[in-house]
Every structure is written in structure tokens, then in C-alpha cells.
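All values below were derived from every heavy atom in this structure, side-chain atoms included, with hydrogens, water molecules and symmetry-related copies excluded.
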Amino acid sequence: MKRRIRLVALSAIALLSIAPLLFLVSGTLMGNQEIFTCIAPGLGKAEGYASWHLLAAYPTLRNVVALFLDSPEFFSMFWNSVKISVGIVGGQILFGMPAAWGLACYSFRGRKALYLLCIVLMMMPFQVTMLSEYLVLDRLHLLDTLAAVILPGMFSTFSVFVMYRFFRSIPKGILEAARIDGASDWQIFFHIGVPMGSSGILSAVILSFLECWSMLEQPLTFLQSKNLWPLSLFLPEIQSNNAGVSLCASLVALVPAVLIFLSGQDYLEQGIAASAMKE
């Protein structure tokens, strides 16, 4: 009996969790008139309460056609999101991986203070550093370019924090044995550190990509030209009278994030567990 109650409770929670996704799918297949009829009370344009249909009364692919054939700016902004996300994640791996390795495997004066600084910078919200970043980018004449969003994100300490835990867990005996065999520091890093810390590296990649894909404040601050906007700024621009296209665009924008999450779910769980461990 208890098992059945637990199963029902978990099923109800799971259904609530996927409700937004069902909302997007059903809305994508609805016509604008049907969507307006459902949400008009919530917009104050009709009496009663807003409602929603799990299945469209008159399914149509008009919204899909309108998005892919009549909205060329969608593809431009989609690729802008890809460029920003790949650029930031690639930079975090390029600079964050050696930094995490150095903090985890080398002893030097001020190492703990430097690690604490990384944590402080990671916890600092964008609003705190926004003005200083804006002034620096302005002096470098990088404002209103994709580099204005990519460069600050490349040096985020979040990836350092995640990868540090995995590199720290590598047994010191293995590193010492490699040094005795004549391996250089770079050889130890590439042939021991990277393979043994691959779970942390991949979890950092996944978490960073999910954050960059939905980035909103940074492009809104540093980008003025609409042709440089990422997809996260395109969706709010769609008008309420074209809500079906908005729902379809939201569903398409969700696909890459879901695929990345599902492909690395195991590594992501390991990264979250490792990040929760105390020093």
C-alpha cells in the first residue's frame, strides 16, 4: 500500500515537472485564435479564468511553418546563441582546466587564498561587475560585438570550481609515480589529469552550456544591434498576437539544452555531488 502511495505521489510530481513542456507542445499545435481564447481572461480581455487544453482542438502546423519559413531572424539568433555558448564553454575549458589543475595538484603560497577568491568571484552576481566589464569592453572597442559577451564568460571561475574537485581526488601517488618515470608536468596533465578528471570536465561543460544558452543580462547589456542578439533575447520580442510562434520558438530553443543535459546526465550528477563536498 505504501509503495502504491509513493508511486502515485512521485507520478504526480513528475507530471507537474513536465507540465511546462506539455504546455509548449500543445501550444505549438494550436492556432492563434485558440490560444487567445484560452489566455484572454488572463490578459484581462475576457471574463472568467484562463484555461489550457492538453490537446489542441484543431491541430495545425502553421506555427512551425511560420517560424522556420517566415522568421529568418530566428535562425540568425539561434546561431548567435550557438557561437556565444561554444565560445564561452571552449574558453572556460581552455583557461579553466589548467587553472583548476594548478590549484588542485600544486602547493604554493597563497593557494587557498586564490581558491577562495575563485569562489567569491563565482558567487558574485553579474550586476556587481557589470559596470566594470562595460567600461573595459568600451575601452577595448568590443561593445556591440559577440566578443563582448564571450570574453568575460570565458574567464568565469565556475568551471574552475567544478573541475578542481575532480582533479583534487586524483591520488597523489599516481602523480609522483609519473614524475619518477620521467614524465613532465604537461605530460602528467594531459595523460593523467585530463582522463581521470574527464567527469569533472564534462560536467563543467554541461553546466556552463546550460547557463550560456539561456544567458539574458549580458547580451542585453553589451549588444545593441539586433542582428547580434542570441535566442534568449528573441523570444521576449515576439508579440502576444503571435503567441503560437512564440511557443514553437521556445520549444525549439529548448531542444539543444535538453539534448546536452540528457547526453551528460551522469557526469552532471557527479559534478553536482563533487561540488557539494567540503575542502
Side-chain angles (χ1 to χ4, degrees), residues 73 76-106 108-167 186 189 197 200-237 253 256-257 260 271 275 279:
E73 66 275 11
S76 175
M77 295 182 181
F78 183 90
W79 285 115
N80 287 337
S81 291
V82 172
K83 293 175 185 177
I84 291 174
S85 300
V86 172
I88 292 177
V89 173
Q92 289 185 3
I93 296 302
L94 181 63
F95 298 105
M97 192 163 53
W101 175 258
L103 288 172
C105 299
Y106 292 94
F108 54 89
R109 182 177 297 179
R111 182 178 67 87
K112 290 188 177 180
L114 186 59
Y115 177 68
L116 179 62
L117 178 62
C118 289
I119 296 177
V120 172
L121 292 175
M122 180 187 67
M123 298 177 63
M124 196 173 293
F126 171 70
Q127 291 81 359
V128 176
T129 61
M130 178 177 64
L131 180 59
S132 59
E133 290 182 12
Y134 187 92
L135 294 176
V136 171
L137 293 170
D138 185 42
R139 291 292 297 270
L140 294 175
H141 305 289
L142 292 176
L143 287 178
D144 203 24
T145 65
L146 292 181
V149 181
I150 294 174
L151 285 178
M154 288 172 59
F155 298 97
S156 171
T157 58
F158 174 74
S159 59
V160 177
F161 174 75
V162 175
M163 290 184 285
Y164 169 86
R165 297 294 182 179
F166 287 84
F167 289 146
W186 284 108
F189 173 62
I201 297 170
L202 290 175
S203 62
V205 168
I206 296 168
L207 290 170
S208 297
F209 180 87
L210 294 177
E211 179 184 6
C212 297
W213 188 256
S214 58
M215 187 179 288
L216 185 63
E217 294 177 321
Q218 290 86 340
L220 190 62
T221 303
F222 301 139
L223 301 178
Q224 284 79 42
S225 300
K226 193 171 183 180
N227 63 317
L228 296 176
W229 281 8
L231 201 56
S232 55
L233 295 185
F234 170 73
L235 298 179
E237 286 291 306
I260 291 293
S275 300
E279 174 68 20

| Taking side chain as C-beta onward, heavy atoms only, is V128 less than 4.5 Å from P125? | yes
| message | I want to check something: taking the side chain as every heavy atom from C-beta on, are Y164 and W101 in contact at a cut-off of under 4.5 Å? | response | no
Would you say the side-chain atoms of [X] pair up with the backbone N or O of [Y], donor to acceptor, closer than 3.5 Å?
X    : Y    : value
D138 : L143 : no
D144 : Q224 : yes
S85  : V82  : no
S214 : L210 : yes
S81  : L231 : yes

| Check: Q127/E217 side-chain N/O donor and acceptor closer than 3.5 Å | yes
| message | Would W213 and F78 count as a ring pair (Phe, Tyr, Trp, His ring centres under 6.0 Å) here? Give the steps. | response | CA-CA 10 Å; W213 188 256; F78 183 90; 5.5 Å; yes
Spacing of [atom1] belonging to [X] relative to [atom2] belonging to [Y], to within rounding of 0.5 Å:
X    : Y    : atom1 : atom2 : result
T157 : M124 : OG1   : CE    : 9.0 Å
L151 : L137 : CG    : CG    : 7.0 Å
F158 : L121 : CZ    : CG    : 14.0 Å
M215 : F126 : CE    : CZ    : 9.0 Å
I206 : E211 : CD1   : CD    : 14.0 Å
W229 : S76  : CH2   : OG    : 12.0 Å

| request: Quick one: do C118 and L103 satisfy side chain to side chain contact (heavy atoms under 4.5 Å, CB included)? Show the steps, please. | output: CA-CA 10 Å; C118 289; L103 288 172; 4.2 Å; yes
Closest approach of [X] and [Y], non-hydrogen atoms and distance?
X    : Y    : result
P152 : E133 : CB-OE1, 3.7 Å
N80  : L228 : ND2-C, 3.3 Å
F166 : S203 : CE1-OG, 4.1 Å
K83  : L146 : CD-CD1, 3.9 Å
L216 : L233 : CD1-CD2, 3.1 Å
A147 : L142 : CB-CD2, 4.4 Å

| task | List the steps and the verdict of side chain to side chain contact (heavy atoms under 4.5 Å, CB included) for E73 and K226. | result | CA-CA 9 Å; E73 66 275 11; K226 193 171 183 180; over 6 Å; no
| Should we say atom CE of M122 is surrounded by more than 12 heavy atoms from elsewhere, each under 6.0 Å from it? | yes
Contacts table for residues 90-100: side-chain donor-acceptor under 3.5 angstrom, sequence neighbours left out:
from: Q92; atom 1: OE1; to: S208; atom 2: OG; distance (Å): 2.6
from: Q92; atom 1: NE2; to: G153; atom 2: O; distance (Å): 2.9

